[in-house]
Amino acid sequence: MMRDDAGTAAVTTLLMLPLLLIVLVGVLELGVLRAVAYRAGAAADLATIVAVGDQDQAELVRTGTLRLAADAAETARDYFARNLSAAAPALAVSATQIAAAADIATFSGAPSFDPRTGARYDRPTVRLIASVPVRTPGFAVLLMPTVTTLTIRSASSPR
Amino acid sequence: MRGLAALLTAVIALLTATSADAREPHESDWLAEPPVEPRPDPVAFVVPAGLYYVTDTYVGDVVATAGPTTTYSTTTVHESTGTYARVIDTVDTGASSSFDGLAFNGRGALTDGRALAGTYYENFVLNPNGYVPVSIVFFQDDSETRRREAAASPSAAPSAPPATLPPSAARTAPPVTSVPVVGPVAARSVATGAPTPRPAMPITPPRPTLRAGIALAPDGPTLGSAEVLRGRLIQFWPRAFADGVAVTVRSWRLVSAEPDRISASRGGAEPFAAQWIRMPAPGVRWTLRFEIRTELAPAERLEAQITVTVRSPALVD
């Protein structure tokens, strides 16, 4: 009887082990994806904050109001690429390519409405939306795409 | 019957009165002139004694140093502004005058604190009501080194009270020119005999309106309010204007609450640099008030202020 139970356990283990490994790989891959998403989000947030700090000095002298610099969008794009490079090993394409393809918009007037998101901004705002392709080879065992694209959004304004 | 007689009498009286007004009008009735208000006789104007027509106009005070000598003088421009003036007081060094503080350009002082010697002039404009005083100007005329030398050698003639030259004598004599007395003055002034030479008495145009403000650049426009980013070093430039023309700021002083970090609480040509480290509560605004003195009118204290809103880049929800 004991011999029969041992055989059953062995068979069960052999049958369940692949399934457990698949679940384990999936969990680990999701964890990695989560971490990359966090890093990409932080990179976008920092980029927009830096861009908001890049103010038009001439406008400030002339009117005393904060106005985004003309190159605020490029500043955000540059810093986004720099910050995103920390997650480069997990990215399917280079950070520079991701930043170049990012949709970065500046809203100097206030209030203003973002036609893409529908958001209303009461202060001059820099908004960034980027698609970040992340390599997820572990998902292959789940018959899922080996590249998962994350969509990152961030917006900052002087408040 | 009595009633009929009374009625008849009343009718006759009425007709009589009416016919009196229905006469042919006289020519004078048609050409009636409106009453003429008596005009004041311009000759009756009270002409201040010593009044003359201005041919030289005040430009500014000059302090020139040549070696050990510092000269305090006044510059003028040969220009007639249609105004009149008269001398109201001549003061020596350190002497007080009842007009001290009334001159729009103030009365300077020597390095030892004594007031400068010079002459007070009162300016007038002529309007239908007569000569109206508009301002008082002080023409400084003094020299400092001579006084030091004189003060340093009192033993040369200790017993002589005026051993040192009296201030007025020590001063450089102003150029003497003939000031033409023309127009209303010539016609209405009291008999003054032959025109006497008068020193060129430059008189100021109407007192300039001084205004002060705060700008964010040396030549930037003055602002009532400004937004600044937290942690950013901002330079505030106290500026002053006389009739809209920028004038040199001699000194400034911060008289309101201070930001977290400042370059100095008072200064001269340099700006006031400030930095806010702490983020104020939403809606809180800082007001920086300055006391400004200009080179044009050092005795006049101007006030300027700017309201500052501190902002910080932040994520939008």
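Each chain gets a letter, A, B and so on, in the order the sequences are listed, and its residues count up from 1.
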Counting only heavy atoms closer than 4.5 Å, note whether B:Arg230 contacts chain A via side chain, backbone, both or neither. neither

Heavy-atom contact with chain A under 4.5 Å, split by part of B:Ser312: both

Would you mind checking which part of B:Ala215 comes under 4.5 Å of any heavy atom in chain A, side chain (CB onward), backbone (N, CA, C, O), both or neither? neither

So, the part of A:Arg123 with a heavy atom under 4.5 Å from chain B: the answer is side chain

By salt bridge (Lys or Arg N to Asp or Glu O under 4.0 Å) - contacts of A:Arg82 (at least two apart): A:Asp78

Contact origin within B:Leu315 toward chain A - heavy atom pairs under 4.5 Å: both

Intermediate values then yes/no, side-chain hydrogen bond (donor to acceptor under 3.5 Å, both in side chains), A:Thr149 and A:Ser131: CA-CA 6 Å; A:Thr149 301; A:Ser131 296; over 6 Å; no

How about B:Arg311: does its CZ atom have over 12 heavy atoms from other parts shown lying under 6.0 Å from it? yes

State the CG-OH distance between A:Asn83 and A:Tyr79, to the nearest 0.5 angstrom. 9.0 Å

Please collect all side-chain hydrogen bond (donor to acceptor under 3.5 Å, both in side chains) contacts where either partner lies in residues 44-58 of chain A, sequence neighbours excluded, each pair once. A:Asp45-A:Ser154, A:Thr48-A:Ser154, A:Thr48-A:Ser156, A:Asp54-A:Thr75

Is the CZ atom of A:Arg159 crowded by more than 12 outside heavy atoms at less than 6.0 Å? yes

So which of A:Thr65, A:Thr125, A:Val61, A:Ile49 has the biggest tally of heavy-atom pairs under 4.5 Å with chain B? A:Val61

Specify which of B:Gly220, B:Ala226, B:Gly224 makes the most heavy-atom pairs with chain A at under 4.5 Å. B:Ala226

